[in-house]
Amino acid sequence: MTNKLSSAGKHVVVVGAGYAGLRAALQLDPQVRVTLIDPADHFTERVRLHETAAGRPDVTHPLRTLLQSTNVTHLRARVTLIDTGSARVHTEVGHTLDYHRLVYALGSRTAGLDVTGTSPERAYTAESAAELYKRLLDGSGALTVVGGGLTGIELATELAESHPGWKVHLATGGEIAPSVSAKGRSHIRSVLIDRGVRIEEGRHVGNPDDVDTDVVVWSASMVPNTELAVAAGLSTDNRHQIRVDSALRSLSHPEVYVAGDAAAVETPSSGPIRMACATALPLGAHAANSLVRDLRGQEPKPFRFSYQGQCMSLGRHDGLIQLVGKDDSPRDRIVTGKPAALIKEQVVRGTVRTIRMDARHPRASRLIPGAN
Ligand SMILES: Cc1cc2nc3c(=O)[nH]c(=O)nc-3n(C[C@H](O)[C@H](O)[C@H](O)COP(=O)(O)OP(=O)(O)OC[C@H]3O[C@@H](n4cnc5c(N)ncnc54)[C@H](O)[C@@H]3O)c2cc1C
């Protein structure tokens with residue numbers, strides 16, 4: 001009872017309603033008063049943005065619906081300043097909100113796209129998938145995906161399958177899919193070739209004008225959205241992620257918790273945590289859990305995580321499930337073809353199911369293995 005009273009009435013501001021922020025907000029409710037700030041009125045399944053570029057159905061979910069059975073208040077605005085000195089958040093439209101604790105979950109974006117001098121109808125990223133879809137409907141020609149990581153490959157296969165009038169080229173600095181096994185890579189290569197994608201490995205592309213093509217889809221790497229954290233004085237590492245302790249508290253500002261792609265997290269079994277939806281969900285839940293324990297005067301528990309697999313779609317009818325060790329290193333075992341496509345689809349649906357479950361039964365969802 002005493003514990004409940006010490007967190008009740010406290011105000012927690014969660015910035016960012018992606019996988020990590022939304023999950024943290026839902027797990028915090030109703031133990032504290034929660035305001036969730038995000039400029040969008042919907043949650044975007046970012047892991048499906050390549051499907052948006054292919055013209056597949058909407059990948060967003062209204063926050064109003066997701067939050068309807070909760071006490072979480074959604075403030076539709078962009079955060080422009082975090083004043084850690086006065087524990088206050090400012091938005092671009094003039095709101096100021098005081099907080100007892102803050103959860104920073106602003107995610108990441110595609111990095112390294114220099115569009116200076118490039119026509120806006122020529123260069124796209126996953127974030128501009130809807131515009132890319134419109135552009136691809138408007139004719140046919142040559143399309144180059146820059147970046148041979150999992151996201152670039154998902155984009156290339158999906159676009160080749162859905163827009164057969166376009167000649168798709170995948171250019172990457174090293175070899176494709178460096179994170180998967182040789183067997184996995186060989187499967188990816190055969191699917192790309194089968195879909196008519198020209199693979200160019202060992203090709204460094206500095207900016208969109210370096211490639212002779214009609215449309216460039218830039219997917220070189222991701223960078224965390226931590227500019228507001230840096231401006232607020234939070235300590236970051238050399239990858240620009242916010243340095244946190246094992247409870248996910250900022251090392252420099254312990255009243256700020258960090259979850260998702262913005263956090264620099266490492267665990268003894270997994271090593272460094274990669275930016276992924278698969279990690280953002282458990283990080284969001286753990287940040288909420290630590291924060292409530294902290295407000296109740298209890299010591300937060302360390303974040304624990306072990307990898308199990310990397311899942312990727314290769315168009316709608318093929319995929320790759322790469323089984324990995326606890327530290328994300330690829331093992332020999334893979335699943336391919338239609339079974340892999342089905343598993344990947346179920347994994348992606350599972351993320352939204354977890355969020356819905358959090359909204360209705362936050363305690364029950366804490367019992368799902370791997371969800372926390
Ligand atoms: C095409 C694609 C495919 C992917 N596939 C996979 C996959 O198969 N598996 C996997 O594990 N990962 C995948 N990822 C990576 C995954 O999407 C991210 O790692 C994940 O979205 C990170 O979650 P997050 O909550 O940290 O941030 P995000 O999901 O990026 O959410 C951040 C939120 O912050 C909000 N925000 C940003 N700035 C502000 C501001 N100033 N004020 C208020 N709100 C703000 C945004 O609107 C957004 O809602 C993929 C990514 C892409 C682009």
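Numbering of ligands and ligand atoms starts at 1, following listing order. Along the sequence shown, the residues carry numbers beginning at 1.
For R360, the CZ atom is loosely surrounded, since the number of other residues' heavy atoms within 6.0 Å does not exceed 12.
Scanning all protein heavy atoms for the shortest distance to atom 34 (O) of ligand 1 gives G16 CA, 3.4 Å. Here the protein heavy atom with the shortest distance to atom 30 (O) of ligand 1 is R46 NH1, 2.8 Å. The single protein non-hydrogen atom nearest to atom 14 (N) of ligand 1 is V47 CG1, 3.7 Å, given as residue, atom name and distance. Nearest protein neighbour of atom 25 (O) of ligand 1, counting heavy atoms only, is A20 N, 2.8 Å. In terms of protein heavy-atom proximity, atom 45 (C) of ligand 1 is closest to L106 CD2, 3.4 Å.
Ligand 1 lies nowhere less than 4.0 angstrom from a heavy atom belonging to A40. In this structure, T151 has a heavy atom closer than 4.0 Å to ligand 1.
Backbone and side-chain nitrogen or oxygen atoms of M222 are examined, and none is located within less than 3.5 angstrom of a nitrogen or oxygen of ligand 1. The distance criterion of under 3.5 Å between nitrogen or oxygen atoms is not met by L49 with respect to ligand 1. At least one N or O atom of D261 sits closer than 3.5 Å to an N or O atom of ligand 1.
Each of the atoms 7 (C), 8 (O) of ligand 1 lies under 4.0 Å from some heavy atom of K344. In the vicinity of I37, heavy-atom distances shorter than 4.0 Å reach the ligand 1 atoms 43 (C), 44 (N). For ligand 1, the atoms lying closer than 4.0 Å to a non-hydrogen atom of E154 are 3 (C), 5 (N). Below 4.0 Å from some heavy atom of M275 lie the following atoms of ligand 1, by number and element: 19 (O). Close contacts between ligand 1 and G260 involve ligand atoms 26 (O) [criterion: under 4.0 Å to a heavy atom]. Using a 4.0 Å cut-off to heavy atoms of A17, the atoms of ligand 1 that qualify are 33 (C), 49 (O).
The shortest distance between side-chain heavy atoms of V89 and T96 does not fall below 4.5 Å. Counting heavy atoms from C-beta on, the side chains of D214 and W166 come closer than 4.5 Å.
Side-chain atoms of H169 and T213 form no donor-acceptor pair, as typed in the model, at a separation below 3.5 Å.
Neither the backbone nor the side chain of E127 comes within 4.0 Å of ligand 1, counting heavy atoms alone. Residue-level proximity to ligand 1 for A276 is carried by backbone and side chain together, each with a heavy atom below 4.0 angstrom.
One distance of note links CD of E158 with CG of L49; it measures 11.5 Å at 0.5 Å rounding.
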Exercise for the section: Report the C-alpha distance between R239 and Q241 in whole Å, list the side-chain angles of each, state the deciding distance to 0.1 Å, and finish with yes or no for side-chain hydrogen bond (donor to acceptor under 3.5 Å, both in side chains). Expected result: CA-CA 6 Å; R239 288 176 305 163; Q241 287 175 306; 3.3 Å; yes

Practice task
Could you check T351 against T354 for side-chain hydrogen bond (donor to acceptor under 3.5 Å, both in side chains), going step by step and ending with a plain yes or no?
Solution key: CA-CA 5 Å; T351 63; T354 300; over 6 Å; no

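Partner of I334 under the side-chain contact (heavy atoms from CB on, under 4.5 Å) criterion, chosen from V180, L323, L320: L320.
For the residues L75, T80, V79, V348, the heavy atom positioned nearest atom 41 (N) of ligand 1 is part of V79. Here the shortest heavy-atom distance to atom 12 (N) of ligand 1, taken over G18, A262, C277, P39, belongs to C277.
A distance below 6.0 Å separates the ring centres of H286 and F303.
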